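Computed from a predicted model, the values in this text were never measured in an experiment. Side chains are part of it too, since the values below use all heavy atoms of this structure and drop only hydrogens, waters and symmetry mates.
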Amino acid sequence: MTRFFARQSRWMQWIVPCTLLVLAVWVCYGKTLSYPFIWDDEEMVVGNPLIHSFSSSITSFTTGAFLEKIESSKFYRPIQLMSYSVDYRLWGLNPIGFRLTNIMIHCLSSCLLFVFLCRFGWSRGLTFFLSLFWAIHPLHIES
């Protein structure tokens with residue numbers, strides 16, 4: 001019986017902080033689900049032919065984000081464009097789907113940051129605080 005509770009508490013060490021991180025992200029960014037596409041979304045999502053088919057998505061690895069020749073000063077983000085391409089297949093041009101995907105990725109990355117820092121031997125309190133700070137910092141408003 002003691003083993004059962006020891007195993008449960010080990011799981012609780014991960015579940016409770018990660019649940020709190022996910023809730024914090026949803027409190028901060030959940031309202032954005034109802035927002036329309038804005039600013040560069042019109043160019044990066046709505047008007048970008050690279051996300052409308054998978055064959056074009058492969059091109060995103062050989063060109064810039066706007067079909068320009070790759071140079072150091074150009075906007076090169078093939079993984080982002082592949083993500084947009086998958087979102088386009090799932091949701092069409094519905095901004096809720098694109099935002100939902102981004103929020104879910106942000107929740108996952110916040111929890112992974114917590115887990116990795118704990119695995120590196122950092123204290124749980126400091127790790128949770130740093131992960132929470134990273135999760136809700138306004139720097140991430142773009143994503």
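- When side chains are defined from C-beta on, Cys118 counts as touching Trp14, because their heavy atoms get closer than 4.5 Å.
- Expressed to the nearest 0.5 Å, how far OG1 of Thr101 lies from OH of Tyr84 amounts to 10.0 Å.
- Hydrophobic clustering places Leu33 together with Met104 (ILVMFWY residues linked when any side-chain heavy atoms are closer than 4.5 Å, directly or through intermediates).
- Neither Ile96 nor Tyr35 shares a network with the other; the hydrophobic side chains, linked directly or stepwise wherever heavy atoms of I, L, V, M, F, W or Y lie under 4.5 Å apart, form separate groups for each.
- A cation-pi geometry, defined here as NZ or CZ lying under 6.0 Å from the six-membered ring centre and within 45° of its normal, does not hold between Arg99 and Trp26.
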Under 3.5 Å, which donor-acceptor pairs link side chains of residues 109-117 to any protein atom two or more places apart or in another chain?
from   : atom 1 : to     : atom 2 : distance (Å)
Ser109 : OG     : Ile105 : O      : 3.2
Ser109 : OG     : His106 : O      : 3.0
Ser110 : OG     : His106 : O      : 2.8

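- Using a 4.5 Å heavy-atom cutoff, the side chains of Asn102 and Tyr29 are not in contact.
- The closest side-chain heavy-atom distance from Val22 to Cys18 is not below 4.5 Å.
- Checked against ring pair (Phe, Tyr, Trp, His ring centres under 6.0 Å), Tyr88 has the following partners two or more places apart in sequence or in another chain: His52.
- The side-chain hydrogen bond (donor to acceptor under 3.5 Å, both in side chains) search around Thr19 returns none, not counting sequence neighbours.
- Here the side chain of Ser131 pairs a donor or acceptor atom with the backbone of Thr127 at under 3.5 angstrom.
- The cluster map of Ile, Leu, Val, Met, Phe, Trp and Tyr, joined by side-chain heavy atoms under 4.5 Å apart, puts Val27 and Phe133 in different clusters.
- A distance of 12.5 Å separates CG in Leu126 from CZ in Arg124, rounded to the nearest 0.5 Å.
- The structure places CZ of Arg89 at 8.5 Å from CD1 of Ile51, a figure rounded to the nearest 0.5 Å.
- If you chain together hydrophobic residues whose side chains sit under 4.5 Å apart, Ile136 and Val16 fall into the same group.
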Quiz prompt | Check against side chain to side chain contact (heavy atoms under 4.5 Å, CB included), Asn94 and Asp87 | solution = CA-CA 9 Å; Asn94 185 350; Asp87 283 337; over 6 Å; no
Quiz prompt | side chain to side chain contact (heavy atoms under 4.5 Å, CB included) between Phe128 and Leu21, intermediate numbers included | solution = CA-CA 8 Å; Phe128 179 75; Leu21 288 171; 3.9 Å; yes
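- Transitive grouping of hydrophobic side chains (ILVMFWY, heavy atoms separated by less than 4.5 Å) brings Leu108 and Trp134 into a common cluster.
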